[in-house]
Protein chains: 2
Amino acid sequence: MEHSTTHACLVHPHPLECEAVAEWLRRRSYIELVGKCNSLDQIIQLPYLKEVDIVVVFAHHAEKTADQILKIRKLYSRLKFLLLAPSPCAESVREVIRSGVSGYIVFEAELDEWERAIRAVSEGKVYYGQEVMLKLAESSLETFIQEPAPTTRDFLSKREVEILRLVASEYSTNRIANELCISDKTVETHRRNLFHKLGVKNSVGLTKVAVRMGVV
Amino acid sequence: MEHSTTHACLVHPHPLECEAVAEWLRRRSYIELVGKCNSLDQIIQLPYLKEVDIVVVFAHHAEKTADQILKIRKLYSRLKFLLLAPSPCAESVREVIRSGVSGYIVFEAELDEWERAIRAVSEGKVYYGQEVMLKLAESSLETFIQEPAPTTRDFLSKREVEILRLVASEYSTNRIANELCISDKTVETHRRNLFHKLGVKNSVGLTKVAVRMGVV
DNA sequence: ACTCTTCTCAGGGTTTTCCACTATAAATTT
DNA sequence: AAATTTATAGTGGAAAACCCTGAGAAGAGT
């Protein structure tokens, strides 16, 4: 059964965003929005469900939602699903793909990725976003490679991490020396070693590394 | 200072919903949307910030966001904030109120509550949603006080943001001066002003602010 | 006109950071 | 046992950062 236009239904848990996104979808020419609701549970009760081709689902719990989608697909195999969810972890991404969604992108996707996804799904194709593909690749690599990537932290000694933390906390060399009950010169030496190990030229550089490493 | 129309800025982490909600807001007659972005950190860089009266913030972590709002309010005390967040717990709700937001409602709020909230805030009033009030009552009998924005100082100037960026890029004062074709003394003065405006004591502090702001 | 802010620059100072090189005891690894 | 790494500490010096003060010009706002 081919429709001339694809009929879509939107699911978003928040009324305002549901309405707002619905409006946005209504302005797309390649699909026609026939309904919206705030929960996936509600869609099988919708009177216009038989007209729906695509369900666009916003959900914060990808796995739980994938599970629901799988159940619904067993009853209404005609329905296609485009899932919008937070950035997935390597485990959940396989669960979601297994549920048979036609599209899966992250909330943070840019508008053009959105357009591509919704067009692809409405044309009967499949679309997975960049982040999803990445996690998928990552999860399949895990089965082949057990080698844990050496972290930057292993490279630094405990003391050095401590110094790094204090430097990035706006402490002066003198203050750090007092705090740790060691000589200023020792602190200076540690700091200098950190420069070389981390390939930066001053404390500002150290601070950025510290922020990236999460020690502050 | 009264504007004839209230100027709003939208913050939503997800590009699509940001765009969609922005469109919805543009159709409200009582406010005028002048800008949008995906992160609260970005707003102080916006060139049109001086025109903004209200910032409508969608955020998943209410407390973290409240903290950011408090900091921003210390620099731009003129700004009003309407916060949209998940249902709060009894502890976080006080933190959020204390941050001085003018409005606070949950994502799941119905459209009419939305309308009431945004109207109230744009008229200079305060609006807390039903769920928020409930949690507030539940949390305590003690008085909650909104944190006053202590400084009347306005936002960072363009030049200051530029200096901030270069400092956080590990540039020395001298190098910055050459880069911008101004005197070292001028750069020093800017840097010192940044210390005071941002409440930090050295370049390491500036760097952390810069990272948080996303200028590096 | 007057105020406020920004951007600019300077003198003259103190403190901190950064560099180069050396060095020793302790712990860890090989 | 020997070699390496870590943590400690030093001398001495150059560079940069930081502090305080003052001040003129340009521009925006009241």
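Chain letters run A, B, ... following the sequence lines, proteins first and then strands; every chain starts at 1.
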May I have the list of side-chain donor-acceptor pairs in residues 17-24 of chain A shorter than 3.5 Å, sequence neighbours left out?
from: A:Glu17; atom 1: OE1; to: A:His14; atom 2: ND1; distance (Å): 2.7
from: A:Glu17; atom 1: OE2; to: B:His12; atom 2: NE2; distance (Å): 2.5
from: A:Glu19; atom 1: OE1; to: A:Lys36; atom 2: NZ; distance (Å): 3.2
from: A:Glu23; atom 1: OE2; to: A:Arg26; atom 2: NH1; distance (Å): 2.9

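Not one side-chain nitrogen or oxygen of A:Ser183 sits closer than 4.0 Å to the OP1 or OP2 atom of D:dT8. Phosphate contact (OP1/OP2 of D:dT6, side-chain N/O of A:Lys197, threshold under 4.0 Å): present.
Between the side chain of B:Lys208 and the backbone N or O of A:Ala168, at least one donor-acceptor pair lies under 3.5 Å. Within the 3.5 Å criterion, the main-chain N or O of B:Arg175 finds a donor-acceptor partner in the side chain of B:Ser172.
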Next item on the list: Would you mind building the protein contact string for nucleotides 16-30 of chain C? One character per nucleotide, 5' to 3', B for base within reach (heavy atoms under 4.0 Å), S for sugar-phosphate only, - for untouched.
Entry: -BBB-B---------
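B:Asp184 has its CG atom 14 Å from the C1' atom of D:dC18, to the nearest Å. Between the CZ atom of B:Arg175 and the P atom of D:dA17 there is a distance of 12 Å, given to the nearest Å. In this structure, B:Asn193 atom CG and C:dT6 atom P are separated by 8 Å, rounded to whole Å. To the nearest angstrom, C1' of D:dA17 lies 15 Å from CD of B:Glu170. Rounded to whole Å, atom C1' of C:dC7 lies 9 Å from atom CD of B:Glu160.
Of all nucleotides listed (C:dT8, D:dT8, C:dT6), C:dT6 comes nearest to the side chain of B:Ser157.
In this structure, A:Tyr127 and A:Ile118 have side chains that are not in contact, with every pair of non-hydrogen atoms separated by 4.5 Å or more.
Looking at A:Glu115 and A:Tyr30, their side chains do bring a donor and an acceptor atom within 3.5 Å of each other.
By the 4.0 Å N-to-carboxylate-O rule, A:Arg159 lies close enough to A:Glu162 to be salt-bridged with it.
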